[in-house]
Amino acid sequence: EYAFNVMLKAFWQANDNDGIVRTSRLMRQANVKPNAVTFTTLMKACARRGDVRRVRKCFHHMCEAGIKPDIVAYNTLLNALRMVGDLESAEKCMEDLEMDGIRPDVVTYNTLLKLYSEKGKLCEAKALTRRMASEGIQPSEITYNIMIDACGDAGDIDAAEREFSDMLARQVSPSVVTLTSLIYAHAKNGGLFAAIRTLRQMRETYGVSPNWISYACVIKCLDEQERHQEAAELRQEAFELGLQH
RNA sequence: CGUCCAACUAU
């Protein structure tokens, strides 16, 4: 059974949709029962093509096959809804899951937080983090990454910095994604100086190596402000570090 | 064995 699931995943990674369909047929012919993992893998494949309709169908097929969707299956459905921006269905999915007696986990919350962020609903996102805390779910590094983005996109750089401080206070280690998000939040909100400072602190204070994206956020902003000389220096520095683009 | 996060660009 695992073997088929692994095959599905392999075809998915190779972006081979026909392979996925053929493998599903093989499974039926071989009388191998799909499990929750099988369905989740298929749901993810449909979601990648933006076909939420088929994601929902997979989900229903799973239920009809007598397999109770677990938290991972719900999270996959929720993320598919997020990808098409269907907030209403996503909130309903959250209710359904709880009615099913399943506890939302940190991934569930992160996915919904990201959707609120994408909809520009910073207040709802913050409210959700409070609910998360009240349910005893600890925010992960990704939770903070999403909140930093949400604050930056909403133009509230102070809130972004507060999220970052909170993260450090709770001993959650920032990653290259966290720090790059913070750089981007500053750059986007007129804090070019702070963006550059953060790029420097990345290595020196947090022991994290910047990647090309970290540099690109600052370089683009410098170019927009006609500070081409500094931009060129950073490009050179990134090049010397072997960072590609 | 399956689910969540960052800039730009392309489709």
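Naming convention: chains lettered A, B, ... in sequence-line order (proteins, then strands); numbering from 1 in each chain. Note: hydrogens, waters and symmetry copies are ignored here, and every other heavy atom, side chains too, is used. Because the structure is a prediction, the values reported are computed rather than measured.
- Atoms CE (A/M7) and P (B/C1) sit 18 Å apart, rounded to a whole Å.
- Residue-level contact check: A/T76 touches the backbone only, with heavy atoms under 4.0 Å from sugar-phosphate atoms and none from bases.
- Contact annotation: side chain of A/N211 to base of B/A6, donor-acceptor pair present below 3.5 Å.
- Whole-Å rounding puts the A/R48 CZ to B/U11 P distance at 19 Å.
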Kindly indicate, with the supporting measurements, whether the criterion salt bridge (Lys or Arg N to Asp or Glu O under 4.0 Å) is fulfilled by A/K119 and A/E88.
CA-CA 12 Å; A/K119 292 283 182 187; A/E88 202 181 333; over 6 Å; no
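- The side chain of A/A216 approaches B/A7 more closely than any other nucleotide in the set B/G2, B/A6, B/A7.
- Considering only side-chain N and O atoms, A/K9 lies under 4.0 angstrom from the phosphate OP1 or OP2 of B/U3.
- Among the nucleotides B/C4, B/A7, B/A6, the one closest to the side chain of A/N79 is B/C4.
- Side-chain atoms of A/N211 and A/S214 include a donor-acceptor pair closer than 3.5 Å.
- Regarding A/N145, its CG atom lies at a distance of 11 Å from the C1' atom of B/C4, rounded to whole Å.
- Residue A/A47 is classed as having no contact, given no heavy-atom separation below 4.0 Å to the nucleic acid.
- Within the 4.0 angstrom heavy-atom criterion, no nucleotide atom of any strand lies near A/D223.
- Contact annotation: A/Y215 does not reach the phosphate of B/C8 (side-chain N/O to OP1 or OP2, under 4.0 Å).
- Look at A/K114 and you'll find a side-chain N or O under 4.0 angstrom from OP1 or OP2 of B/A6.
- Checked against B/A7, B/C5, B/C1, the side chain of A/Y184 finds its nearest nucleotide in B/A7.
- Looking at A/S181 and A/T178, their side chains never bring a donor and an acceptor atom within 3.5 Å of each other.
- Closest non-hydrogen pair, A/A36 versus A/D70, comes out as CB-OD2, 4.2 Å.
- A/D70 has its CG atom 12 Å from the P atom of B/U3, to the nearest Å.
- One finds no side-chain N or O of A/K220 lying less than 4.0 angstrom from the OP1 or OP2 phosphate oxygen of B/U9.
- A straight line from NZ of A/K188 to P of B/C8 spans 8 Å, rounded to a whole angstrom.
- Contact between the side-chain N/O atoms of A/R82 and the OP1/OP2 oxygens of B/U3 is not found at any separation under 4.0 Å.
- At the heavy-atom level, A/Y2 lies under 4.0 Å from base atoms of the strands shown.
- The distance between atom CG of A/L42 and atom P of B/G2, rounded to the nearest whole Å, is 14 Å.
- Checking A/E91 against A/Y116 by side-chain atom types alone, a donor-acceptor pair falls below 3.5 Å.
- Considering only the side chain of A/V177, B/C5 comes nearest among B/G2, B/U3, B/C5.
- Residue A/T41 is in sugar-phosphate contact alone, with no base atom involved, counting any heavy-atom pair closer than 4.0 Å across all strands shown.
- Taking atom CZ on A/F11 and atom P on B/C1, their separation rounds to 20 Å, with Å as the unit.
- Protein atom CG of A/L199 is 13 Å distant from nucleotide atom C1' of B/A7, rounded to whole Å.
- A/M94 and A/M83 are assigned to two separate hydrophobic clusters, defined by single-linkage of ILVMFWY side chains at heavy-atom distances under 4.5 Å.
- Which of B/A7, B/C1, B/A6 sits closest to the side chain of A/V37 comes down to B/C1.
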